Enquirer: 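If you scroll down you'll find the structure; I have some questions about it.
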Amino acid sequence: MSEEPAPAVALELDCRGMLCPLPVIHLGRRVGEVPVGEVVAVVATDVAARTDVPAWCRMRGQEYVGEDTAADGSPRYLVRRAG
């Protein structure tokens with residue numbers, strides 16, 4: 001079984017070293033910069049981002065696509081702009 005390829009990322013936010021809730025605050029401020037249907041990646045080293053980003057998506061009506069890894073091995077959370 002092969003995994004689906006990661007979607008193309010229109011905007012990547014470098015939130016390494018930022019603690020909760022800063023990664024989702026940055027996501028909220030910047031998600032409007034990409035067209036509806038495009039993906040924003042949040043690279044965050046704070047372990048809370050693993051639950052914060054999907055929760056933010058549910059509260060804001062955005063689509064949480066999933067998690068992958070940035071080039072340096074940091075977790076990267078993918079969000080598709082829904083509107």
Side-chain angles (χ1 to χ4, degrees):
M1 289 185 173
S2 63
E3 293 183 15
E4 287 184 35
V9 173
L11 175 65
E12 183 168 290
L13 305 178
D14 183 358
C15 297
R16 293 172 184 91
M18 294 181 188
L19 299 178
C20 175
L22 289 175
V24 292
I25 289 172
H26 283 278
L27 174 59
R29 288 181 179 158
R30 308 271 319 265
V31 70
E33 296 176 19
V34 303
V36 171
E38 294 295 318
V39 174
V40 176
V42 180
V43 180
T45 51
D46 182 11
V47 296
R50 180 167 277 134
T51 55
D52 289 350
V53 173
W56 181 89
C57 290
R58 285 190 303 275
M59 290 187 294
R60 302 289 185 215
Q62 304 301 321
E63 180 187 349
Y64 180 67
V65 177
E67 177 183 342
D68 67 5
T69 306
D72 69 351
S74 297
R76 191 168 84 145
Y77 307 97
L78 306 173
V79 176
R80 181 171 284 114
R81 182 173 176 207

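As the structure is a prediction and not an experimental result, all values here were calculated from the model.
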Enquirer: For Gly83 versus Val36, what's the shortest heavy-atom pair and its separation?
Expert: CA-CG2, 3.8 Å
Enquirer: Is it true that Ile25 and Met18 fall in one hydrophobic cluster, defined by side-chain heavy atoms closer than 4.5 Å?
Expert: yes
Enquirer: Would Tyr64 and Leu27 show up in the same hydrophobic cluster when neighbours are defined by side-chain heavy atoms closer than 4.5 Å?
Expert: yes
Enquirer: Compare every heavy atom of Gly28 with every heavy atom of Trp56, then report the nearest pair and how far apart it is.
Expert: CZ2-CA, 3.6 Å
Enquirer: Could you tell me whether the side chain of Asp68 and the main chain of Ala70 form a donor-acceptor pair under 3.5 Å?
Expert: no
Enquirer: Distance check, rounded to the nearest 0.5 Å: Cys15 atom SG versus Tyr77 atom OH?
Expert: 11.0 Å
Enquirer: With a 4.5 Å heavy-atom cut-off, do Pro7 and Leu78 have their side chains touching?
Expert: yes
Enquirer: Using a 3.5 Å cut-off and no angle test, enumerate the donor-acceptor pairs between side-chain atoms of residues 44-55 and protein atoms at least two apart in sequence or in another chain.
Expert:
residue, atom, partner, partner atom, Å
Thr45, OG1, Gly17, N, 2.8
Asp46, OD1, Ala48, N, 3.3
Asp46, OD2, Cys20, N, 2.6
Arg50, NE, Glu67, OE1, 3.0
Arg50, NH2, Glu67, OE1, 3.4
Arg50, NH2, Glu67, OE2, 2.5
Thr51, OG1, Ala48, O, 3.1

Enquirer: Please determine whether side chain to side chain contact (heavy atoms under 4.5 Å, CB included) holds for the pair Val9 and Arg76, giving the CA-CA distance in whole Å, both sets of side-chain angles, and the decisive distance to 0.1 Å.
Expert: CA-CA 11 Å; Val9 173; Arg76 191 168 84 145; 3.8 Å; yes
Enquirer: Can you name the closest pair of heavy atoms from Ala8 and Val39 and give their distance?
Expert: O-CB, 3.5 Å
Enquirer: Are the side chains of Val43 and Leu13 in touch, meaning some heavy atoms are under 4.5 Å apart?
Expert: no
Enquirer: Drop me the distance from Arg30's CZ to Leu11's CG, to the nearest 0.5 angstrom.
Expert: 5.0 Å
Enquirer: So, Glu63 and Arg81, do they make that salt bridge, N to O below 4.0 Å?
Expert: no
